[in-house]
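Everything on this sheet refers to the single structure shown next.
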2 protein chains.
Amino acid sequence: MQKYRDMGIKLTPQRLAILEYLEGNEDHPSADDIYTEIKKKFPMMSFATVYNTLETLKKRGDLVELTIDPERRHYDPDTRHHHHLICRKCKKILDIHRDFSIEIPEDQKGTFEVLGNHIEFYGICPSCKMKGE
Amino acid sequence: MQKYRDMGIKLTPQRLAILEYLEGNEDHPSADDIYTEIKKKFPMMSFATVYNTLETLKKRGDLVELTIDPERRHYDPDTRHHHHLICRKCKKILDIHRDFSIEIPEDQKGTFEVLGNHIEFYGICPSCKMKGE
DNA sequence: CACCTTGACAAGAATGATTCTGGTATGATA
DNA sequence: TATCATACCAGAATCATTCTTGTCAAGGTG
């Protein structure tokens, strides 16, 4: 996240902790991951605060919500356009920074205004491949 | 779905109703959509039956679960490999049948075994564009 | 066709992620 | 430092999905 000196958002210790946790984080944590971690430092932390903060960051465009796991939402502080590689076994999510120029041909797109895209690659990660048969 | 004469699955009126509803359906319904519709014919229908049947079909490979909407799961009886176009406003989901040859370059993929991919295009559908400014 | 076994059904309880509520506390600003 | 908007916490509420249990019926067999 940009230096927390941001503008327009009230800085509280809880928010700072969340911002710090997210900064450079490439694990695509869930709200629960964040809550559990932050709670170590702030035992009074409430789940509502985590969700509220995530919502605020999302609205400001400093956080992206991923809809990859049907069980729970994951969050990605990397707001640059990129794609994901997901392990079918351990569910780990990896970033793919690469531009694939994909365009829907006119005849299928019609007047649908395409604003963007997101590719999910799925398969088996190295460590799972080693374990499993 | 292939002619219900399938093998290995016990045919019940409830299942037939669900199969019929799904046959050729391109609306990507949620469990609730299916439940609500089938309930008209079978007022005794239980939600558990819908979920059980969907699970069974999924296991047999006759149904694909879509993780596109963070609110609820959607189901697609079209099991051919294809992609989706999602309207940011009305959340409508459209099919894109087109092969995009996308490959992750070796240096990023490493020994990750990529089995497939799914592209989500998002934007504004024609009817929403017309309504909104 | 009658019987039997297995698996499907309904109803409702349980679970778990996310959202909401209401009252209190605290940054940011003057 | 006083003010005020806004964030915080705790817990309740919501809602999709899963689980449980007792009952029943589909499909195969004789």
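Residue numbering restarts at 1 for every chain, and letters A, B, ... go by the order of the sequence lines. Values below: all heavy atoms of this structure, side chains included; hydrogens, waters and symmetry mates excluded.
Across all non-hydrogen atoms, the minimal contact from Ser46(A) to Tyr35(A) is C-CE1, 3.9 Å. Between Asp62(B) and Thr79(B), the shortest heavy-atom contact is C-CG2, 3.5 Å. Contact between Asn117(A) and His81(A) at its shortest, heavy atoms only, is O-NE2, 3.0 Å.
Note on Thr49(B): a side-chain N or O is less than 4.0 Å away from OP1 or OP2 of dA10(C). A close approach under 4.0 Å does not occur between any side-chain nitrogen or oxygen of Arg73(A) and OP1 or OP2 of dG16(C). Contact annotation: Tyr51(B) side-chain N/O to dT18(D) OP1/OP2 distance is not under 4.0 Å. Within the 4.0 Å cut-off from OP1 or OP2 of dT18(C), not a single side-chain nitrogen or oxygen of Arg72(A) is found. Listed pair Gln14(B) / dA25(D) fails the phosphate criterion, with no side-chain N or O lying under 4.0 Å from OP1 or OP2. Residue Arg15(B) has no polar side-chain atom (N or O) positioned under 4.0 Å from OP1 or OP2 of dG27(D).
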I'd like a table of atom pairs between the protein and nucleotides 26-30 of chain C - only N or O on both sides, under 3.5 Å - with the distance next to each one.
{"unit_1": "dG27(C)", "atom_1": "O3'", "unit_2": "Leu11(A)", "atom_2": "O", "d": "3.2"}
{"unit_1": "dA28(C)", "atom_1": "OP1", "unit_2": "Leu11(A)", "atom_2": "N", "d": "3.2"}

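In the helix from dC1(C)-dG30(D) to dA30(C)-dT1(D), the terminal helix axes, each the rotation mapping four pairs' C1' atoms onto the next four within five end pairs, subtend 30°, rounded to 10°.
Heavy-atom neighbours of Glu103(A) CD from other residues, nucleotides or ligands within 6.0 Å: at or below the threshold of 12. The environment of CD in Glu26(A) is sparse: at most 12 heavy-atom neighbours from other residues, nucleotides or ligands sit within 6.0 Å.
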TODO: Check the pair Arg60(B) / Glu55(B) against salt bridge (charged side-chain N to carboxylate O under 4.0 Å, His left out), numbers first and verdict last.
DONE: CA-CA 9 Å; Arg60(B) 301 187 71 241; Glu55(B) 185 59 25; over 6 Å; no

Task: Stepwise salt bridge (charged side-chain N to carboxylate O under 4.0 Å, His left out) check, Glu113(B) with Arg88(A) - done: CA-CA 10 Å; Glu113(B) 182 185 355; Arg88(A) 281 245 170 106; over 6 Å; no

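For Arg98(B) (side chain) and Ile104(A) (main-chain N/O), no donor-acceptor pair under 3.5 Å exists by modelled atom type.
The distance between atom CD of Glu71(A) and atom C1' of dC15(D), rounded to the nearest whole Å, is 15 Å. Separating the CE atom of Met45(A) from the C1' atom of dG11(D) is a distance of 17 Å, rounded to the nearest angstrom.
Distances from the side chain of Ala31(B) to the nucleotides dC9(D), dT17(D), dA10(C) place dT17(D) closest.
Taking the six-membered ring for Trp, Phe100(A) and His83(A) have ring centres closer than 6.0 Å.
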